[in-house]
Structure formats: structure tokens, C-alpha cells
Amino acid sequence: MKTNALSALGRRTTLPPISWLMHAALTRPKLISLAAGFTDNATLPTEISRRLLNEILRDPKTGRPALQYGITAGEKNLRELTARRLRKMDWQSPSSLKNKSRTGTRDEDEIYPAGRLMITGGSQQLLYMTLEALCDESDIVLVEDPTYFVFLSILQSRGLRARGIKLERDGIDLAHLEEVLARLKQSGELRRVKALYLVSYFQNPTGVTTSFAKKAGALKILKRFARAAGHPIYLLEDAAYRELRFAGDDTPSALMAPGAADDVIYTGTYSKPYAPGARVGFGILPAGLFDVVAHIKGNHDFGTANLLQQLLARALASELYDRHVAKIQKNYARKARVMKRALAEHFPPGVEIWEAGGGLYFWARLPGKISAGPKSEVFQAALKNDVLYVPGEICYADDPSRAKPDNEMRISFGSASEADIREGIARLGAGLKRFIAAAR
Ligand SMILES: Cc1ncc(COP(=O)(O)O)c(C=O)c1O
């Protein structure tokens, strides 16, 4: 029972789906979880971390500062290494030649300024603080339909409204973005719109990667409507899965788009490519926002754990980080192949599968009116058979302009072993065959 002393936020905040999903996974040892967004335990960098932590702590000259509080915005070396890494990824991507001409004469340091790069307690903290800095209760955030459900939980908790933008296989439907903004303008609500949130690489939950053309197109549209809104409408690009790419080329970030410096917030993380347990994230923010978010971080924690920042900085400065990323990319490629084969073997025809070239997720759409939602027979039967997936329904915002689709599932190949992936998909597939046959 909740105390009656709660704030509006305290009263409003409900149990986030992430909590009950993690609880189910951790309390049922026999359960095969194809739900968790966890990375693969088997490839977590214990050896590298031990070696680097030893290096840091062996000498009091490096050990003591690492065990002391640090700077709110992050350790200088890590900020610089991170900015350099982002620059390298963007400017080395095969399509960057084209984009170089689009960014005009902007200096690379201007696009990736370490001074506007903040290190945070996971990228989750940066997403939360950005919303705190930008949004008052009832403000509106545009999101992909579907999107990262933990982000939706923040919106719910903070009393914000979400509007879904249709998602296509190469990112959001730009015509729909325009249509939604035009409708909000007409209803006098445009000034409440603060940001468009895109999980642009191997999206959680669908695996979709947003093309650069769509990022640049979305930014152009946001800038056009910003005039009528009376303030910038930020493009909040969440690149959490960018480094888990195992097929195709990298796509440049929205930071490369014309006019990005003022309106693009880019967030990334070392959780997925290195270790969620270290929980170090980062982001580049426009000048008008950086200081405010840094002040908010001052109130949150006045700086991310220094020891962990030092660990990441050492990993990045050596070749160890790159070698580790190359290793896990191969590992996820193999696990994705195992899942693809199992899906082909066990899922009934008529289930549409979206396969990703990176990240941790496949997306499955069931035919007709078969529900896969948390209360559905499909979900309950899966639980009974000790297999868990994320019901797609929870990844859709509470947007009154459309009904939430409930016939989809996010299936992860991240943390389950190859044997469990095969077994889990076989169990799910057997259930689906029954439900689909019964629906005919
Ligand atoms: C899309 C997306 N963004 C951000 C995060 C947060 O990651 P972290 O806080 O560990 O950086 C996650 C975690 O699963 C995610 O899926």
C-alpha cells in the first residue's frame, strides 16, 4: 500500500514492466527467458576488466583518484576518448563521404565536442535527465510506434504524453511525423512537443535501423515545426545498440545531419558493448541544454562512478575494447543465426519475422487477431511452458489516436544460451501452432 504522503509523481508511478519481467526471469530458475535485454553472460569481459582494474589500483597515483569522487560531467580522458570514437564511427561509415558534403564545412571537433559530451550512469540516466530538463507535466514526446518500453515508463511516471509515429523497416514514416505535428499545431498543442525519440540502431524492440536519410529528414521536419512551437523540438537519438552490429555497414548518426548541433541529442552506452554491470553511458547535447542537464546530474549523483569510468577509459585507450567488441559481434551473429534457424523450423507459416543485422532482438508478428499480450492465452501458455518473451503491446505508447497492436512479440537472443534459444523457440512455436490452428 502506498503512503498518502506521496508526490504526484510517486502516486502516478506504477511497477514498470521491466521490473516484473526481470523478476520472472530471476525467480524461476527453469524459465528460458527470451525476454531479457541482458547481454550474453558468457562473453562479459572478466579477464580484461580484472587486468585493467589491477593496473589502476596497483599504483596509488592512479588508484586513489579512481576511488575518489570525480567531475559531474565525467572524467576528461573518457569524454575525449568517447568523442573520438563517435567521430571515427561516423566518419568511417561507408556512406559518410556523401554526408561529409552535407555537413558542409563544419569541423569534426565541432560535431563531437568533448566539452558537450557527458558521461552518465548508463544512457538510461541521460534519457531520464533529458526529459527532466525539457518536459513539464502533460508535455508531449513523439516516439516510434513501437519503442523502448522503459522509456515509456519514464513518460508515464513523469505525467508526459506520448504520440506514436509509425515505424517502417528503415525508420519512422516521415509523412506520418509531419501529419502528427500538423495535427498538434492545429489543436494548439505544438508548444507542448519537446522531442522526437528514436532508437536508431537495431531498435529495441523491432531490430529496425533508421537510415541516415530518415534521420536528416526527421530533423528537417522538426526544425520546420519548431518555428511554430516557439522552441526547438529535439531529435533524441538513442544509439544503445550501435556497436552490436554483425551485418551490413554502420549508419552515420544524426549528429552528421545539417543543423544537428542545435537540435540533436545523441545518447550511447558502454553497457551493451562492454558490460551492463559497469553501467557507463554517455551523450552529446546541444550547447543550450548541456549545462542544464549537467546541473541536474549534479543533483542526481554529481558524477558517475569514477572507478568504472577509469576502467572504460583504459579499455578504450588500449586495443582491448575493440578486440572485445569484435568478439561479441561474432558471438551475437552466431546466436542470431541459431534463432533464425529455430524460427524457420518451429514457428508456423504466417508469423512475420523481422530479422535484425545487430542488437539483441527479433520481432515477430502473429497473423490475424491472435493476441500475444501479457494477458493473452499465448503469453500464459508460454509462461506455463517456462519460456518468456516481451509482449509487443507493452512497447506501444498510450496514444489515444490509435489502438495498441497486441499481436507482436520481442524475442531476444542476447542472454539465452544457444541450446536455450533452440528449446525456447521450439516451445513457443509449438504453442503458436496450436493457437493459429484453433483460430482458423
Ligand atoms: C534502447 C535502450 N536505450 C537505453 C538503454 C539503457 O541502457 P544503459 O542505461 O545500460 O546504458 C537500454 C537498455 O536496455 C535500451 O534498450
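Position 1 is the first residue of the sequence; numbering continues from there. Counting convention: from 1, in listed order, for ligands and their atoms alike. FYI, side chains are in, hydrogens and waters are out, and symmetry mates aren't considered; it's all heavy atoms of this structure.
Scanning all heavy atoms of the two residues, the minimum distance from Asp263 to Pro232 falls at OD1-CB, 3.7 Å. For the residue pair Tyr112 and Ala83, the shortest heavy atom distance occurs at O-CB, 3.5 Å. Pairing each heavy atom of Pro405 with each of Glu408, the nearest pair is CB-OE1, 3.8 Å.
Each of Phe413, Phe379, Phe362 was scored for a ring pair (Phe, Tyr, Trp, His ring centres under 6.0 Å) with Tyr389, with one residue passing: Phe379.
Between Lys88 and Asp250 no salt bridge is recorded (no basic side-chain N to carboxylate O distance below 4.0 Å).
Residues with a heavy atom under 4.0 Å from ligand 1: Gly122, Ser123, Gln124, Tyr148, Val199, Asn204, Asp238, Ala240, Tyr241, Thr269, Ser271, Lys272, Arg279.
Tyr396 and Trp363 have tilted rings, their planes meeting at an angle from 30° to 60° on a 0 to 90° scale.
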